[in-house]
Amino acid sequence: MPVDIIVCVKQVMDPEIPPSAFQIDPETKRVRDAPGISPVVNGFDENAVEAALRIREQVGGTITVLSVGAAFAMDVMKKPLSMGADELVLAQDDAFADLDARATARVLASAIGKIGRFDLVLCGRQASDWDNAHVPLGLAELLDVACLTVAQGIEVVGDGVVVHSVTADGYDVIEADVPALVTVSNELGEPRYPTLRGIMAAGRKRPTTWSADDLGIEPEMLEPGLSIVDLYVPESGGQVEMVEGEDEADAGRNLALRLREAGLI
Amino acid sequence: MTVDTLVLGEVGDGGLDPITGELIAAARSLGGTVGAALLGRDLDEAARQTESYGSDAVLLAENPALDGSSMDAYVAAFEQVCRHAEPRTVLVGKTPLGQNAGPRVAFRLGAALAQDCIALGRDEASGAVVAERPVYGGSAVAKVAFTGGGPGFIVLRGRAYEPPAPDPSRTANVIRVDAAIEPSDIRVRRVESVSQEVEGVRLEDAAVVVAGGRGLGGPEPFDRLRELADLLGGAVGASRAACDAGWVDHSLQVGLTGKSVTPDLYVTVGISGASQHMAGCSGSRNIVAINRDADANIFRDASYGVAGDWQKVLPAFIEAVREFVS
Ligand SMILES: Cc1cc2nc3c(=O)[nH]c(=O)nc-3n(C[C@H](O)[C@H](O)[C@H](O)COP(=O)(O)OP(=O)(O)OC[C@H]3O[C@@H](n4cnc5c(N)ncnc54)[C@H](O)[C@@H]3O)c2cc1C
Ligand SMILES: Nc1ncnc2c1ncn2[C@@H]1O[C@H](COP(=O)(O)O)[C@@H](O)[C@H]1O
């Protein structure tokens with residue numbers, strides 16, 4: 001059965017930026033954009049795009065990428081298209097800056113309502129900026145569909161979806177009928193690189209852009225449930241004792257000695 | 001009966017899960033009355049254990065559908081317990097149950113949720129609950145306040161609070177909540193559980209953990225880490241980079257999206273110390289790092305370090321440890 005898939009993708013600050021480039025604006029209590037460092041598609045969302053592409057290869061169908069935000073870097077947001085997704089929908093409005101998880105899920109649900117038909121919604125398990133890890137669960141509730149979390153594998157079988165869901169020591173095989181929402185984890189495997197053809201095709205595609213008005217979103221729907229009282233960089237552990245020696249092997253022996261003196265081994 | 005703070009207790013194969021006591025301790029720190037919800041079958045023993053931790057009420061939802069085969073059953077039951085107890089604040093653990101049932105019930109109630117919190121308190125002026133949570137992979141800590149009205153949901157990181165010492169003489173008001181679970185509530189079913197045999201001590205319980213990262217360059221060096229772990233009676237862990245490379249199983253991953261460990265001794269080899277990794281091991285009593293880059297982030301959190309190539313440092317280290325322990 002061909003399936004229509006919506007993949008929710010968030011644009012985030014690159015989590016690999018050096019600690020020195022990570023800065024907080026004490027006034028607004030927000031993380032400052034790192035100058036000269038491009039944002040990225042949230043890592044787990046790339047895994048979700050990869051999952052969608054694998055499903056489409058198996059059973060056919062369509063892949064629509066959906067993102068909510070106030071401003072987008074178009075070359076970044078087109079990456080899922082260059083990987084092979086069919087369409088990009090941007091729910092973009094100044095009112096969508098710094099939304100909390102509850103408001104984000106509400107906007108996503110409205111946009112999915114406007115997209116209309118779908119069999120699967122795929123999300124990343126967590127966004128690497130606020131690490132909220134619950135927009136998708138809320139979205140599943142708002143859409144009133146089955147919710148399957150932390151997938152390392154997804155297969156569409158008949159009218160249903162079978163997910164290998166990561167557990168502490170392995171995985172559970174869980175299944176549900178579609179429509180369903182699935183969150184995807186890095187255990188699914190590396191997302192593919194865009195091909196040159198994919199990049200060219202993505203370059204020609206125009207995203208569909210919807211404002212808060214287009215989505216019928218009232219200001220109350222965006223009211224935060226949480227307010228940020230403070231945001232700061234935590235202090236690191238403290239003083240390290242560097243153990244040395246005549247050469248590296250000697251340093252290794254001295255480390256063992258030092259740990260024994262400290263009663264640790 | 002209504003309570004100010006409701007915690008979602010957890011029952012495992014071996015009885016009450018330790019997270020239950022941690023949640024009760026955190027709830028107690030907020031003041032007011034505390035209720036503990038337990039969802040499952042045959043909960044009498046778990047209820048008695050929960051009473052000994054000192055909660056004012058224990059709310060039991062017993063139903064044959066709460067047999068572990070569908071998360072949806074737990075979500076439905078927890079929603080009913082929440083509606084019954086009408087808490088101002090709800091605490092759940094950063095566990096599969098808490099991370100699923102917490103957000104889903106929060107949305108059903110229109111409530112806001114703060115994920116992965118490590119400390120709770122109250123704003124002195126307004127009395128609002130304030131939670132501290134690492135964000136941006138641990139690069140920053142946010143203090144968030146529940147100001148939107150309605151109940152506030154909090155997911156608490158494991159081992160953030162010490163469980164209270166159990167006292168069997170404590171009693172609580174034990175209430176049975178008639179949790180109806182309809183067939184239409186169950187959309188997701190578990191058909192199979194596949195788990196790796198754990199050799200030796202479990203990573204989560206080990207007093208010594210030896211963890212390897214991308215700097216090891218391949219799967220074979222993990223045999224050396226296993227040798228060291230065996231000498232010290234410990235377990236082997238890994239960074240996500242080492243797991244993603246396929247060198248070791250993902251169940252060994254320590255970090256924000258892996259396991260949280262709090263051993264007495266955490267030895268890292270070829271791990272850079274990214275904040276997302278440290279999120280899973282910063283509660284270790286002593287961190288020891290072997291890394292060839294003297295500026296690596298790991299040395300900011302380590303108590304002992306060697307700046308050098310593990311291929312030279314580690315064999316000599318292991319031999320010396322072998323001498324000491326034999
Ligand atoms: C949302 C999110 C969640 C994440 N969750 C986790 C998580 O749960 N756990 C986790 O671990 N990561 C997690 N990460 C990834 C994390 O950001 C890092 O990318 C990862 O921890 C890096 O692993 P590493 O230290 O092994 O590799 P690297 O950062 O590449 O470090 C390798 C280190 O090895 C050293 N080295 C190289 N060769 C040698 C040698 N011969 N001798 C000695 N030292 C050597 C290098 O100097 C370097 O410091 C997450 C990332 C994101 C965005
Ligand atoms: N602004 C957004 N736009 C699109 N998808 C989002 C957005 N925020 C969160 N998501 C989805 O929800 C997942 C989990 O995010 P979070 O709950 O914020 O950690 C992400 O991996 C995305 O798939």
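The chains referred to below are lettered A, B, ... by the order of the sequence lines, with proteins before strands, and numbering in each begins at 1.
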Portion of [X] that has a non-hydrogen atom of chain A nearer than 4.5 angstrom:
| X | result |
| --- | --- |
| B:Q311 | neither |
| B:N100 | both |
| B:E323 | neither |
| B:L232 | side chain |
| B:Q253 | side chain |
| B:L256 | side chain |
| B:R285 | neither |
| B:D116 | neither |
| B:V141 | both |
| B:S70 | neither |
| B:L314 | neither |
| B:F107 | side chain |
| B:V208 | neither |
| B:A111 | backbone |

(Q) If you compare all heavy atoms of A:I17 against all heavy atoms of A:A34, which two are closest, and at what distance to 0.1 Å? (A)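 Smallest heavy-atom distance, with atoms named: CD1-CB, 4.3 Å.
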Q: Taking all heavy atoms of B:C117 and all of B:A131, pick out the closest pair and write down the distance.
A: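 Taking every non-hydrogen atom into account, SG-CB, 3.7 Å.
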Q.
Looking at A:R30 and A:D98, is any side-chain nitrogen of the basic one under 4.0 Å from a carboxylate oxygen of the acidic one?
A.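 Between A:R30 and A:D98 there is a salt bridge, with a charged N closer than 4.0 Å to a carboxylate O.
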(Q) I need the full list of ring-ring contact (aromatic ring centres under 6.0 Å, His included) pairs touching residues 127-173 of chain A, with sequence neighbours left out, sorted by first then second residue. (A)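 Pairs touching residues 127-173 of chain A that pass the test: A:W130-B:Y136, A:H164-A:Y171.
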Using a cut-off of under 4.5 Å for heavy-atom pairs, which of [options] has the most such pairs with chain A?
| options | answer |
| --- | --- |
| B:Q276, B:K312, B:E319 | B:K312 |
| B:P103, B:A140, B:S275, B:G102 | B:A140 |
| B:S195, B:S303, B:A294 | B:S303 |
| B:R187, B:E197, B:Q115, B:R108 | B:R187 |
| B:V130, B:I186, B:D301 | B:D301 |
| B:Q99, B:R202, B:R240 | B:R240 |

Closer than 3.5 angstrom, by distance alone: can the side chain of [X] be matched with the main-chain N or O of [Y] as a donor-acceptor pair?
| X | Y | answer |
| --- | --- | --- |
| A:E46 | A:P191 | no |
| B:Y266 | B:A302 | no |
| A:D45 | A:K10 | yes |
| A:N47 | A:G189 | yes |
| B:K259 | A:A168 | yes |
| A:Q11 | A:A73 | yes |

Checking [X] against chain B: side chain, backbone, both or neither under 4.5 Å from a heavy atom?
| X | value |
| --- | --- |
| A:P224 | backbone |
| A:V12 | neither |
| A:E244 | neither |
| A:E223 | neither |
| A:A101 | backbone |
| A:I24 | side chain |
| A:F22 | side chain |

Exercise: do [X] and [Y] side chains pair donor with acceptor under 3.5 Å:
| X | Y | answer |
| --- | --- | --- |
| A:D169 | B:S251 | no |
| B:N286 | B:D264 | no |
| A:T183 | A:T149 | no |

Q: Would you please test A:N42 and A:V9 for side-chain contact (heavy atoms from CB on, under 4.5 Å) and show each step?
A: CA-CA 7 Å; A:N42 182 45; A:V9 162; over 6 Å; no
Q | Other residues, nucleotides, ligands: >12 heavy atoms within 6.0 Å of A:D159 CG | A |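 No, because the 6.0 Å sphere around CG of A:D159 holds 12 heavy atoms or fewer from other groups.
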Q) If you draw a 6.0 Å radius around CD in A:E241, do more than 12 non-hydrogen atoms from other residues or ligands fall strictly inside? A)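 Yes.
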Q | Check against side-chain contact (heavy atoms from CB on, under 4.5 Å), A:L120 and A:I6 | A | CA-CA 6 Å; A:L120 283 180; A:I6 297 170; over 6 Å; no
Q.
Given B:I118, which partner from the list B:R133, B:K94, B:E132 fulfils the side-chain contact (heavy atoms from CB on, under 4.5 Å) test?
A.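 Of the listed options, the one satisfying the test is B:E132.
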Q: Take B:R189 and B:D72 through the salt bridge (Lys or Arg N to Asp or Glu O under 4.0 Å) test and state the conclusion after the steps.
A: CA-CA 8 Å; B:R189 294 156 302 269; B:D72 295 330; over 6 Å; no
Q. How about residues 256-265 of chain A versus chain B: which residues have heavy atoms under 4.5 Å apart?
A.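 When heavy atoms of chain B are the reference, residues 256-265 of chain A contributes A:A256, A:L257, A:R258, A:L259, A:R260, A:A262, A:L264, A:I265 within the under-4.5 Å range.
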(Q) Set out, in order, the CA-CA distance, both residues' side-chain angles and the distance that settles side-chain contact (heavy atoms from CB on, under 4.5 Å) for B:V313 and A:R253, then state yes or no. (A) CA-CA 8 Å; B:V313 180; A:R253 274 187 296 276; over 6 Å; no
Using a 4.5 angstrom heavy-atom cutoff, name the option from [options] with the most pairs to chain B.
| options | value |
| --- | --- |
| A:G245, A:P136, A:A249 | A:A249 |
| A:E16, A:K29, A:E190, A:Q126 | A:Q126 |
| A:V161, A:N186, A:L142 | A:N186 |
| A:V31, A:V233, A:L148 | A:V31 |
| A:I174, A:V173, A:L231 | A:V173 |
| A:L226, A:V229, A:I228, A:D247 | A:L226 |

(Q) With side-chain hydrogen bond (donor to acceptor under 3.5 Å, both in side chains) as the criterion, how do A:S165 and A:D172 come out once you've worked through the C-alpha distance, each side chain's angles and the decisive distance to 0.1 Å? (A) CA-CA 5 Å; A:S165 166; A:D172 282 348; 5.6 Å; no
Q. How many angstroms lie between SG in A:C8 and CG in A:L122, if you round to the nearest 0.5 Å?
A.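 Here the rounded value is 8.5 Å.
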